[in-house]
Amino acid sequence: MSDRTLEQPLDELQIFLDIATEAAMAAGAVLQSFWGKLDSIEEKGRPGDLVTNADKAAEAVILEILRRHVPHHNILAEESGALGGKPSKYRWAIDPLDGTTNYAHQFPFFATSIGLLIDGVPSVGVVFNPFTQELFRGATGLGATYNRQSIGVSKTQELEKSLLVTGFAYDRRETSDNNYAEFCHLTHLTQGVRRSGSASVDLAYVACGRLDGYWERGLSPWDVSAGIVLVREAGGRVTAYDGSPFDLESGRILATNTAIHDALSAELLQVQAR
Ligand code: IPD
Ligand code: CA
Ligand code: CA
């Protein structure tokens, strides 16, 4: 478990964790109801950045649940933007459907991701894939669970024996900082690099030891806030690529089982220095 930078009563965190779980499961039911029946798939701006009626409907039920339980908290939701606006140390970061491209193609790898930032620090996280009924939960000081069973990161010690995951942001056609070189380099060095298409599930899989490490750029707070809590509470490490403290606004994350962290960081920096 991680050190808590700011002491937050554990019973209060448990209440927020249960609220996040209620919201994620309700959103999951919405996503299941739209599965294979989408009547609206739009591009939001960049090619490939999709939004569907399922994203919007799932977000609506999450917002309704949060407004009912915690009306004074601020919210950052992918499809609705920043909501609230009064001073509050609590801000929810919500991705109603993380993995929209997968979902639109009926590739069943996606999740609802709900994180709570307390004074800017990811402190509660729930990632729920309604298709597989996999529920990942975590809160600072309370540990991380998979379907209510305690989880921990993998014990893999060497990069050469690791299975990693990454992703490619929607601006990949417009920038040379597109993660292609890093992907090739680490594909050579490791047992494999997956590209799942759901950042929150990637982090949840690092937390439960299915994957040893994850890196990506171009991310938003709603993609990673929940998963960060899971990884840290499962004994993993989350930083910037260079090992410095993680910055939610940077969009760049390195999350591992801790053991391979420094080695993976060194390889990423080596590629970026070319
Ligand atoms: C995307 C997924 C994907 C990641 C992208 C995200 P979305 O979220 O998490 O894995 O590579 O950067 O934007 O658009 O499906 O919610
Ligand atoms: Ca997302
Ligand atoms: Ca999304």
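The model shown is predicted, which means the values in this text are computed figures rather than measured ones. Ligands are counted one by one from 1 in listed order, and the atoms in each one are counted from 1 as well.
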Side-chain donor-acceptor contact under 3.5 Å, T52 with D55: yes
P130 versus G28, closest heavy-atom pair with distance: CB-O, 3.4 Å
Result of checking F136, F128, Y205 against Y146 for ring-ring contact (aromatic ring centres under 6.0 Å, His included): F136
Gap separating the CD atom of E59 from the OG1 atom of T112, nearest 0.5 angstrom: 10.5 Å
Residue and atom name of the nearest protein heavy atom (relative to atom 9 (O) of ligand 1), distance in Å to one decimal: D98 OD1, 2.6 Å
Aromatic plane relationship, W35 with F131 - under 30° parallel, 30 to 60° tilted, over 60° perpendicular: tilted
Donor-acceptor pair between T166 and E182 side chains, under 3.5 angstrom: no
Nearest-neighbour protein heavy atom for atom 6 (C) of ligand 1, which is reported as residue plus atom name and distance: D223 OD1, 4.0 Å
Atom indices of ligand 1 within 4.0 angstrom of R195 heavy atoms, with elements: 3 (C), 10 (O), 11 (O)
Contacts of D18 that satisfy salt bridge (charged side-chain N to carboxylate O under 4.0 Å, His left out) - sequence neighbours left out: R137
Under 3.0 Å from the Ca ion (ligand 3), the protein N, O or S atoms, given as residue and atom: E78 OE1, D95 OD1, L97 O
Any side-chain donor near an acceptor of the partner, S113 and D98, under 3.5 Å: no
Salt bridge flag under 4.0 Å for residues D242 and R252: no
Those atoms of ligand 1 less than 4.0 Å from some heavy atom in A199: 2 (C), 9 (O), 10 (O)
Distance from atom 13 (O) of ligand 1 to nearest protein heavy atom, with residue and atom: Y170 CE1, 3.3 Å
Residue E78 vicinity, atoms of ligand 1 by number, heavy atom under 4.0 Å: 16 (O)
Heavy-atom nearest option to atom 10 (O) of ligand 1, drawn from G218, S113, S200, G197: G197
Shortest protein heavy-atom distance from atom 12 (O) of ligand 1, along with the residue and atom involved: E216 OE2, 3.1 Å
Ion pair check, E134 and R210, cut-off under 4.0 Å: yes
Per-atom contacts, ligand 1 versus D95 - under 4.0 Å to a heavy atom: 16 (O)
Subset of ligand 1 atoms that lie under 4.0 Å from at least one heavy atom of L97: 16 (O)
Which of the ligand 1 atoms, numbered from 1, are nearer than 4.0 Å to a heavy atom of G99: 7 (P), 15 (O), 16 (O)
Any side-chain donor near an acceptor of the partner, D212 and S162, under 3.5 Å: no
